[in-house]
Structure formats: structure tokens, C-alpha cells
Amino acid sequence: MGTVLEGKSIYSGISIGKILFYGKNRGEVSRDRTCDPEAEIKRYEKAKSVAIDQLQELYKKAVKEVGEINARIFEVHSMMLEDDDYNDSVRHIIENQKVNAEYAVSATGENFSEMFSQMEDEYFRARAADIKDISQRLISILEEREHGEQIKEACIVMAEELAPSETVQMDKKHLLGFVTKLGSSNSHTAILARTMNIPALVGVKISEKYNGKMAVLDGFTGKLIVEPDAELLEKYRKQMAEEQRKKEMLLKYKGRETINRQGKKIKLYANIGGISDLASVINNDAEGIGLFRSEFLYLESEDYPSEEVQFQAYKQVAETMAGKKVIIRTLDIGADKKVGYFGLKDEENPAMGYRAIRICLTREDIFKTQLRAILRAAAYGNIAVMYPMIISVSEVKRIKSIVEDVEKQLEAENIECGKVEQGIMIETPAAAIISDRLAGEVDFFSIGTNDLTQYTLAIDRQNPELDDFYDAKHEALMRLIKTTVDNGHKAGIWVGICGELGADLSLTDAFMDMGVDELSVSPSKVLAVREAVINGN
Ligand code: PEP
Ligand code: MG
């Protein structure tokens with residue numbers, strides 16, 4: 001069977017090939033005394049400007065290969081190279097310790113990445129790898145050698161950690177996949193792997209002893225099988241061929257209209273958590289964004305994101321989608337999504353507690369800031385807004401009056417803004433049951449089946465021990481969906497599904513029969529859903 005190494009999959013798929021143990025170039029940097037620190041500082045400044053040139057080239061390459069959004073990391077690297085604290089630390093070490101520039105960069109890189117890796121915020125922790133990357137680049141330039149290794153034949157790369165620049169520099173036609181010991185699914189490298197469509201695992205017990213050995217990388221089950229036996233290899237070859245066939249078949253659906261067998265055009269949108277998912281939305285040919293989980297902006301911040309920060313993010317998404325619909329779901333914080341600076345109290349039942357619209361309606365300052373940003377961004381694209389966790393008509397009325405206030409305020413301040421469609425998420429049984437009353441108040445419904453299932457079946461969606469009871473196709477749920485669609489249509493509004501169930505191909509026919517107008521699924525599922533809508537399942 002071979003040696004099986006387990007890891008966490010960050011992108012599915014299968015590849016078979018030789019392992020290349022990567023990272024032999026990263027040797028120890030020697031600490032040499034110098035009697036001319038000025039000359040070392042000059043060497044450092046020169047290396048820095050070469051690094052910035054290299055990053056500009058890399059940026060251009062990455063734009064072509066993985067899209068502008070993902071390429072931005074190289075702009076971030078350039079900015080990091082200009083960071084005062086980083087530069088002061090390097091100069092200080094050279095001057096004070098009278099040592100070589102390589103050593104000063106290496107020590108600064110270690111210190112700064114250590115500092116980032118201790119931070120509470122996951123986003124900043126992930127930046128530790130970027131600091132190491134820029135430091136390694138500077139050292140390579142100072143030592144006059146290539147940054148990163150070139151891979152010359154098809155291989156599965158095994159490494160302690162991969163920096164985004166290393167991943168992009170690798171020749172894509174040779175890169176079959178990668179497995180690393182470190183790295184989070186939030187890191188840019190993980191995002192790049194997803195965009196490059198290659199299987200990848202993190203958290204694997206790597207070892208140089210596997211270098212050059214044949215292996216199967218199974219991104220579906222999160223396994224790397226080193227030296228598999230002939231039988232297993234054959235099984236995987238067949239699975240790979242099948243996957244390939246499916247993928248190629250799905251490519252036919254790029255650029256096609258999503259028209260179901262009843263002849264009705266379905267809106268096939270994608271769900272995103274942030275700007276970094278946009279490349280995947282475009283690559284998979286989604287027709288819009290049906291759920292932008294805006295809370296990512298809050299989760300990534302140390303404090304409430306300002307109107308300006310939010311405006312820039314929403315504007316960027318709207319502009320990138322170039323006129324296609326972008327539905328921004330207002331802040332859905334609370335329950336499992338905790339943010340320290342909100343100062344939320346511990347609750348007995350957080351899923352049924354102070355969360356989402358309940359926070360927005362009691363802390364209007366936060367809500368109004370977000371609405372201002374959304375309305376302003378609406379001047380740059382086709383933005384709609386929807387509200388989570390609704391249970392009553394009075395809530396919707398209250399929201400609409402707050403939106404009106406914000407509109408008036410922006411007008412009075414002479415600030416440009418656009419009109420937005422307003423919808424609500426149907427994710428509580430209460431909302432589904434009174435959807436006839438709610439329908440008259442809004443422009444659309446988007447059914448959040450993840451929460452609707454949890455509240456309808458009284459099953460905590462966070463508790464893995466209840467998985468066997470979590471019947472997403474429960475008749476009660478299907479009836480609530482049908483009721484919502486019927487009530488929406490009676491009032492002349494469209495109804496979509498943005499929960500995970502929307503991508504369940506075994507239900508696509510049932511949803512089409514119910515008359516669902518929109519499906520919003522994760523970007524990688526778009527083409528498979530389009531196929532199922534067009535052909536039935
Ligand atoms: C849902 O509840 O189905 C939904 C789409 O929202 P979230 O998963 O973000 O709670
Ligand atoms: Mg929800």
C-alpha cells in the first residue's frame with residue numbers, strides 16, 4: 001500500500017508523480033564581522049532595489065497566471081520592503097553589531113516573522129510567511145543566487161512551507177501539487193493553489209527521505225501515499241482519468257447560459273468570503289455574486305472597519321464584476337463568528353442569541369457605517385444588499401427606514417451613491433412561514449439553508465456529533481423552501497438559495513420543479529451546477 005501521510009486538504013484533486021523535496025537552498029546565513037558597516041548598508045539598499053524590480057516582474061507574471069487580485073501579494077511584498085520598522089532593524093543590526101547585511105536581514109526576518117506568528121488575528125499570523133519570503137529574497141540577492149528553486153520536471157513539491165512568490169515562480173506545467181508542513185488555509189499560498197487548480201495539503205509530516213520517491217497526492221481525502229503498490233496506483237490512475245474527463249466536460253459549460261429544461265433562465269451566482277475569492281468567481285464563470293459574506297472585513301480587523309475601508313472593498317468587488325450582480329449580505333457577526341472588539345457577552349445559546357441583524361438594529365452606528373459604504377459603492381456597479389436572520393415584518397420595515405435615513409444623509413452631504421435592490425435571507429423557520437407577508441416588503445429572497453436546517457431541525461450546525469441527524473433533505477425543510485418560493489412568486493419577486501444545499505446536485509431537479517430562480521454556490525461548484533441545471537440529474 002505504501003506509506004500514508006495524512007494532512008489537511010486545501011484543494012481537492014489527484015496527482016501522481018515524483019516528490020521533490022524543496023528548500024535545500026535555504027541554508028544557514030553566516031554572521032561575519034565587518035569593519036565597514038556603511039558599505040554593508042549600501043549593499044543592503046542595492047539588494048532592496050533589485051528585490052523591488054523582481055517583485056514588479058513577478059507581479060506582471062502573476063497577473064497573467066492567477067489574476068490581478070491574487071497578484072497583489074507581490075505589491076504587498078514591495079510595500080513590506082519599504083517598511084520603516086523592517087529597514088531600521090536591518091540598519092541597526094549592521095551598525096551596532098558591525099556585521100554583514102545577509103545576517104542583519106536574516107535576523108530581522110526571523111524576529112519579525114516570529115512577532116507576526118504570535119498575533120491573535122489569523123490574517124496577521126499568515127503574514128509571517130510573507131516576511132520570511134521577502135527576507136529570503138533579499139538574502140538570495142545578496143548572495144547572488146536565484147531566489148527559490150526551479151523545478152525542471154513534473155513533480156509533487158514537498159516543503160516545510162511555501163512562500164507565495166515561490167509558488168508563483170514554479171513552472172506551472174511541472175507543478176503537480178504540493179504538500180507542506182506549515183501553512184493555513186487562509187494563507188495566500190493556499191489561495192494561489194486553489195486558483196491554480198492543483199491539489200494541495202498542509203499539516204503533513206514531511207521528510208527529506210521522501211525526495212525522488214513516487215507518490216499519489218489525494219486532495220479529496222487529504223492523503224499523500226508514498227510508493228503506492230501497483231494496485232493502488234492503478235485505482236488512482238482510473239480515478240484521475242475520470243476526474244479529468246469530468247473537468248474537461250464541465251469546461252464546455254463556460255460561457256453558456258444557465259437555462260433549465262423548462263426553458264427558464266436561472267441566475268447562477270457564487271458565494272464569496274472576500275476579495276481574494278474573486279479570481280475563482282471569474283475563472284468559474286459565475287454570473288454574479290449571490291452572497292458576499294461581508295463579515296470577513298470585520299473578522300480580519302482589529303477594530304471596526306471604517307466606512308472608507310469598507311467602501312473600497314465593496315467598490316473593488318463591484319468593479320471587478322463589471323456590471324454583474326453583487327449581493328452584499330450585511331454584517332452576520334455573533335454565534336460562531338466572534339470578534340473581540342464587539343465586546344459580545346458569552347451566551348447560553350449563541351446561535352439563537354445576539355447576532356447578525358439583531359446587533360445591527362441595536363447598534364445603529366455600526367449598521368449605518370456599513371450601509372453608507374454599500375450605497376456609495378453602488379455607484380460603481382450592480383450592487384444589491386440583503387439582511388441576515390430576519391424573523392419579522394417589523395424588522396424589515398425598521399431596516400428600510402434606516403436605509404432611507406442613510407440615503408437622505410448621503411444626499412444632504414452631496415456624496416455620490418447608487419440605488420440598491422434590497423432582499424432578505426430566509427434562514428429562520430419564522431421567516432419562511434410568514435414569507436407571504438415579508439415578500440411585499442422586499443425585492444428578493446435568498447434562502448440560507450445552512451441556518452434554516454439548523455433551526456428547523458433543532459440541530460446545532462457546529463456540532464459534528466450530530467452529523468448523522470443533520471438531514472439536509474428533510475421534508476420539513478423542502479416544504480419551507482417550496483412555501484418561500486411560492487410566496488415570493490405570488491408577490492412578483494425572485495427567490496434564490498445561497499446555502500450549501502444549493503450546490504447539492506441531487507436536489508437541482510427538485511429546486512427547478514419548485515421554481516427556484518437563483519442558485520448561489522461556491523465558485524468551484526458553478527460549472528457542475530450549470531451542467532445539472534441544463535441537463536437535469
Ligand atoms: C446560510 O445560513 O445558509 C448562509 C448562507 O449563511 P451562513 O452560512 O453564512 O450562515
Ligand atoms: Mg446563515
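Ligands are counted one by one from 1 in listed order, and the atoms in each one are counted from 1 as well. This is a predicted model, so every value here is computed, not measured.
Here R355 pairs with D332 in a salt bridge; the nearest charged N to carboxylate O distance falls below 4.0 Å. Under the 4.0 Å criterion applied to side-chain N and carboxylate O atoms, R261 and D509 are assigned as salt-bridge partners. Using a 4.0 Å cut-off between charged side-chain N and carboxylate O, K265 and E287 make a salt bridge. A salt bridge is absent between D486 and K490; no separation between the charged side-chain nitrogens and carboxylate oxygens falls under 4.0 Å.
Cation-pi geometry between R127 and F116 is not met: the NZ or CZ atom fails to fall both under 6.0 Å from the ring centre and inside 45° of the normal.
Within 4.0 Å of ligand 1, the residues that place a heavy atom are L291, R293, R329, D332, K337, M425, E427, G448, T449, N450, D451, R461, C498, G499, listed by chain and number.
S15 places no side-chain N or O within donor-acceptor distance of the main-chain N or O of P199, the cut-off being under 3.5 Å.
The one candidate from E307, E407, E416, E411 that meets the salt bridge (charged side-chain N to carboxylate O under 4.0 Å, His left out) condition with R376 is E307. When each of Q239, Q244, R245 is checked for a side-chain hydrogen bond (donor to acceptor under 3.5 Å, both in side chains) with E242, only R245 meets the rule.
For a distance threshold of 2.8 Å, the protein N, O or S atoms nearer than that to the Mg ion (ligand 2), listed by chain and number, are E427 OE1, D451 OD2.
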| said: Quick one, Y269 with E518, criterion side-chain contact (heavy atoms from CB on, under 4.5 Å). Give me CA distance, side-chain angles, the key distance, then yes/no. | reply: CA-CA 7 Å; Y269 295 164; E518 177 237 29; 3.0 Å; yes
